Structure formats: C-alpha cells, structure tokens
Amino acid sequence: MEHRIVGPGPYRATKLWNETVELFRTKMPLRKHRCRFKSYERCFTAAEAVDWLHELLRRSQNFGPEVTRKQTVQLLKKFLKNHVIEDIKGKWGQEDFEDNRHLYRFPPSSPLRPYPKRPPYQKDVIKFPEWNDPPPGTSQENIPVRPVVMNSEMWYKRHSIAIGEVPACRLVHRRQLTEANVEEIWKTMTLSYLQKILGLDSLEEVLDVKLVNSKFIIHNVYSVSKQGVVILDDKSKELPHWVLSAMKCLANWPNCSDLKQPMYLGFEKDVFKTIADYYGHLKEPLLTFQLFDAFVSVLGLLQKEEMAIEAFQICCLLLPPENRRKLQLLMRMMARICLNKEMPPLCDGFGTRTLMVQTFSHCILCSKDEVDLDDLLAARLVTFLMDNYQEILKVPLALQTSIEERVAHLRRVQFQKSYPEVYQERFPTPESEALLFPEKPKAKPQLLMWALKNPFQPFQRTRSFRM
C-alpha cells in the first residue's frame with residue numbers, strides 16, 4: 001500500500017493522479033454493508049475511504065505526513081466528481097462527498113486521465129552575428145564610395161587587384177553585444193541549468209520556453225535590497241501599505257513598530273485574517289499558472305534536498321518581480337510566526353504550522369485544472385519552502401557567475417575583433433608579449449659550494465703558475 005516515487009518530468013501531476021486512482025481502486029478494502037434494511041456487496045463507507053486514503057497519502061513520499069484529513073476529503077470529492085467512485089445508487093458528478101457513513105462503490109471502469117498533448121517544440125538556436133556578416137539591409141555591392149580622381153598610382157592599385165596580386169578590400173562591420181543578446185544569454189543558460197538539474201532531455205513538456213521573460217530573470221538577480229528582497233521599479237505593483245503593515249506586525253510580534261499595542265483580545269487573529277483575505281483573493285497564484293508544471297516537477301527531487309533547493313532557486317528566478325517580492329515577504333512572515341513562541345494560537349484546533357500551510361498553499365501554487373492534486377502538491381511545496389525559504393529565495397551564485405563570465409568573454413572577443421592592436425597591448429598573448437618585452441639576459445647562477453670537488457682543501461699552485 002505505497003506509492004512509487006514519481007520523479008521530475010512532464011505531466012507529473014497527471015501521473016500522480018493516475019497512480020493514486022489505481023492504488024485506491026485496487027487496494028481499498030471492500031465488504032458487505034447494510035443500509036435501510038438492504039445489503040450491498042463490495043462497497044465502503046465514506047469514513048472508511050477517508051481513513052484508508054489518508055493513511056496512503058501520509059505514507060507516500062510524493063505527498064508526505066503533512067497531509068490532513070480535510071485534504072483527503074477534498075480529494076475524494078474530486079474522485080466523486082470525476083467518476084472514480086459513485087454512490088450505491090450509481091450517482092456521481094457532484095462534490096457532495098462528506099466524511100460520514102454514506103455508502104460508495106467503484107464503477108465498472110474508472111478512466112484514467114489522459115496526458116495532454118502539446119504542439120511539437122522547436123528549439124530556437126541562438127545565433128550571434130558573425131564578424132563578416134553585414135548588418136541587415138546592406139551588402140558589399142551597395143557600399144557608398146566617394147569619387148576618386150584617377151592617376152597613375154590609383155590605376156596601378158586597381159590593376160594589381162584585378163590581376164590578383166593584391167587581395168580586394170572588404171568592408172568589415174564592427175559588431176557589439178546588444179542588450180537583447182545579453183538577455184537571451186541569461187534566459188538560455190538559466191533554462192539549461194534547470195534542465196540539467198531535472199535530468200530531462202527537454203523542458204518542452206514542463207515549461208513553455210517562449211513565455212519565459214528574460215527581463216524578469218535579470219531584474220530578480222540585480223534589483224534586490226541588502227536583505228535579498230526584490231525591489232520593484234513600478235511602485236503600483238507593491239503590496240498595499242495596510243497589508244505590509246499587518247505582515248510586519250505579525251512577523252515582529254509582540255514588538256510591532258508600525259502599529260500600537262493591541263487593545264482587545266484576539267487582535268492578532270484579526271490581523272492574520274486580513275492578510276489571508278488579501279492573498280486569498282489574488283487572481284493568480286504567486287508561482288503562476290504558467291510555472292505550475294515546472295514547480296510540480298521539482299517536487300520529485302525532494303529526496304535529494306540540495307538538488308531540489310537549487311532547482312527551486314532557478315524556478316523562482318523565472319517569476320515576475322512583483323510575484324517574487326510578495327512570495328519573499330509572505331514566506332518570511334510565515335516562518336517567523338511558526339518560530340515565535342510568544343505568538344498566541346491563531347486558530348482553535350490547528351497548530352500554527354498547519355494553519356500557515358493550509359491558509360496560504362492555494363495562493364502560492366495551484367493549477368487551472370480543478371481535478372489535479374494541486375491541494376496536496378501545494379501543501380507539500382509550501383512545507384518545503386517554509387523550511388528552506390532563505391536558501392530557495394536566494395540568487396544561485398554558481399549560475400550568476402557562469403552567465404557573467406560568459407557575457408564578459410563575448411565582450412572581450414568583440415573588443416579583440418574591433419581593436420586588435422589595443423587588445424594585444426592590454427591582453428598580450430605569449431607570442432605578442434615576447435615581441436613587446438624582449439627577453440632579458442638571464443643572470444648567471446651563483447657558484448654553489450657543493451659544486452666544487454674539494455671545497456675546503458687549501459689552494460695548491462700548479463705548474464701553469466710557475467715562471
């Protein structure tokens with residue numbers, strides 16, 4: 001009664017859905033039940049289904065022990081809506097499943113979810129302009145020239161070119177690394193790093209590469225505060241001041257600098273509800289619908305914590321800056337609340353950590369498709385984020401260094417092509433350095449005492465000194 005681990009890759013959410021359905025249909029205990037003086041074979045009560053499925057999900061490494069009974073009930077509602085189960089009268093299609101003694105059974109066939117089909121992906125190869133390629137709209141035949149007065153010297157030059165003694169001159173256009181080139185380098189190398197970590201042959205089924213904005217990546221890397229939080233250029237996309245003040249109040253509880261001390265019992269619960277209402281009414285989750293499959297795919301690496309953190313770092317760089325900033329502030333507040341022993345209980349019947357996950361998981365990650373396991377996957381992701389948010393929301397230093405070195409190398413190459421003489425002076429090669437700095441005469445090595453055969457014997461006159 002255990003899930004197999006579903007690793008990173010395309011359609012991971014669909015694979016998890018299908019496997020959970022198969023396990024539930026094949027392993028769920030069935031027996032005879034009586035209802036209203038009538039017996040029903042091979043069925044189960046709603047409470048029995050919740051008990052069994054809850055235990056299955058909690059033991060699964062794909063979901064983890066944080067799965068709650070309420071989440072299990074929500075999943076069974078989706079099962080009923082999609083005809084994975086039906087009541088004993090054959091009714092299905094509604095989400096009226098409740099944790100009670102109502103009887104359910106499996107239909108004769110339970111269709112698995114098909115994998116979505118996407119158009120074939122064609123990788124765009126980045127081609128930087130060659131040094132001998134003319135700019136668009138120009139050619140060697142249309143080079144503007146000034147009229148030349150013909151004399152004997154000019155006639156000799158043209159005659160020499162015509163007979164092949166002197167190679168013809170060719171106009172060389174100097175190229176520069178444009179801002180668009182730099183942005184494309186950031187985008188391509190970032191996605192290549194993510195693909196390498198996930199161990200995939202292609203990202204086409206996990207991410208629509210064409211929708212990745214390179215400007216977002218660069219902004220998230222460089223436009224940050226000392227604390228590493230993104231700074232927005234467009235202040236209209238900032239968190240409302242009242243939301244930010246409320247978040248600071250709970251993050252620094254009970255030392256609230258922006259607000260006065262609470263004057264009534266339960267003040268902190270009202271502040272928390274204000275924050276939850278704001279994030280709950282966002283039009284799109286903070287991790288965006290577009291990146292849902294990418295983040296779900298990374299969840300398959302949680303058994304390899306360091307790789308998962310690095311993959312999440314790169315995925316978070318792809319977020320719009322306003323989303324990344326909201327996520328950073330929210331995760332910091334959630335982590336501080338969970339670690340604050342002076343914080344009063346914010347909800348009766350729930351622990352603080354469970355409350356944080358249940359309240360904000362849906363506004364952080366969810367899909368457009370209602371039947372996905374987005375609730376369970378979001379809870380799994382948010383739990384991991386809370387434990388590692390300081391590392392995950394950092395800029396991956398290895399990636400940044402690699403890209404900056406790549407850009408610097410291309411700029412050096414361009415400078416070398418444009419100004420070869422100046423480049424040789426600034427960055428001499430061993431050959432050019434030998435020409436610029438002639439070899440100095442080598443100093444004779446000092447005479448070593450051990451080089452003499454008998455260094456301590458007295459000097460003896462030989463026959464050559466005699467007169």
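Computation of the quantities below employed the complete heavy-atom set of this structure, encompassing side-chain atoms and omitting hydrogens, waters and symmetry-equivalent molecules. This structure is a prediction, so every number in the text was calculated from the model and none was measured.
- Contact of the L282 side chain with the Y279 side chain is registered, since non-hydrogen atoms from C-beta on lie closer than 4.5 Å.
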F79 and W17: CA distance, side-chain angles, deciding distance, ring pair (Phe, Tyr, Trp, His ring centres under 6.0 Å) verdict: CA-CA 10 Å; F79 281 178; W17 171 274; 5.3 Å; yes
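- Residue N340 holds its CG atom at 11.0 Å from CD of E268, rounded to the nearest 0.5 Å.
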Salt bridge (charged side-chain N to carboxylate O under 4.0 Å, His left out) between E55 and R59, intermediate numbers included: CA-CA 6 Å; E55 186 64 21; R59 289 187 178 184; 2.9 Å; yes
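- Ring geometry for F24 versus F106: interplanar angle over 60°, hence perpendicular rather than tilted (30 to 60°).
- With no hydrogens or angles considered, no side-chain donor-acceptor pair links N62 and R380 at under 3.5 Å.
- Counting all heavy atoms, side chain and backbone alike, F216 lies closest to P320 at CD1-CA, 3.7 Å.
- Within 6.0 Å of the CG atom in D201, the count of heavy atoms belonging to other residues, nucleotides or ligands does not exceed 12.
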Full working for side chain to side chain contact (heavy atoms under 4.5 Å, CB included) between V229 and R325: CA-CA 6 Å; V229 180; R325 176 176 172 81; 3.3 Å; yes
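- When every heavy atom of A47 is checked against every heavy atom of R69, the shortest pair comes out as O-NH2, 3.8 Å.
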For a quick test of your reading: what N or O donor-acceptor pairs under 3.5 Å do the side chains of residues 306-315 make, sequence neighbours left out?
unit_1, atom_1, unit_2, atom_2, d
Q313, NE2, E391, O, 2.7

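- Using a 30° and 60° split on the angle between ring planes, F360 and F272 fall in the perpendicular class, above 60°.
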Residues L75, L53; criterion side chain to side chain contact (heavy atoms under 4.5 Å, CB included); working and verdict: CA-CA 9 Å; L75 178 58; L53 186 58; 3.9 Å; yes
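- A distance of 12.5 Å separates CG of L385 from CD of Q390, quoted to the nearest 0.5 Å.
- What you find for Q71 and Q358 is that their closest heavy atoms are NE2-NE2, 3.2 Å.
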Criterion salt bridge (charged side-chain N to carboxylate O under 4.0 Å, His left out) on R353 and D387, from CA distance to verdict: CA-CA 11 Å; R353 182 182 176 87; D387 295 335; 3.0 Å; yes
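- Scanning all heavy atoms of the two residues, the minimum distance from Y389 to R332 falls at CE1-CA, 3.8 Å.
- Between the side chains of H33 and R31, at least one donor-acceptor pair of N or O atoms lies under 3.5 Å.
- Using modelled atom types, one finds no donor on one side chain facing an acceptor on the other under 3.5 Å when comparing E86 with Y104.
- Residue pairs that meet the salt bridge (Lys or Arg N to Asp or Glu O under 4.0 Å) test with at least one member in residues 213-234, sequence neighbours left out, are E183-K215.
- Note that OG of S202 and CD of Q195 are 6.0 Å apart. Values are rounded to the nearest 0.5 Å.
- Two rings, from Y222 and W186, have their centers less than 6.0 Å apart.
- The CD atom of E322 sits 12.0 Å away from atom NZ of K235, with the distance rounded to the nearest 0.5 Å.
- Side-chain contact between T288 and L318 is absent, with no heavy atoms from C-beta onward closer than 4.5 Å.
- Side chain to side chain, T274 and D277 fail the donor-acceptor criterion of an N or O pair below 3.5 Å.
- To the nearest 0.5 Å, atoms CD1 (I85) and CE (M28) are separated by 9.5 Å.
- Summarising the geometry of C338 relative to M356, their closest heavy-atom pair is SG-CG, 3.6 Å, with the distance given to 0.1 Å.
- Here the OG1-CZ distance, from T68 to R58, works out to 10.0 Å after rounding to the nearest 0.5 Å.
- Taking all atoms of both residues into account, the shortest heavy-atom contact from L250 to M343 is O-CE, 3.6 Å.
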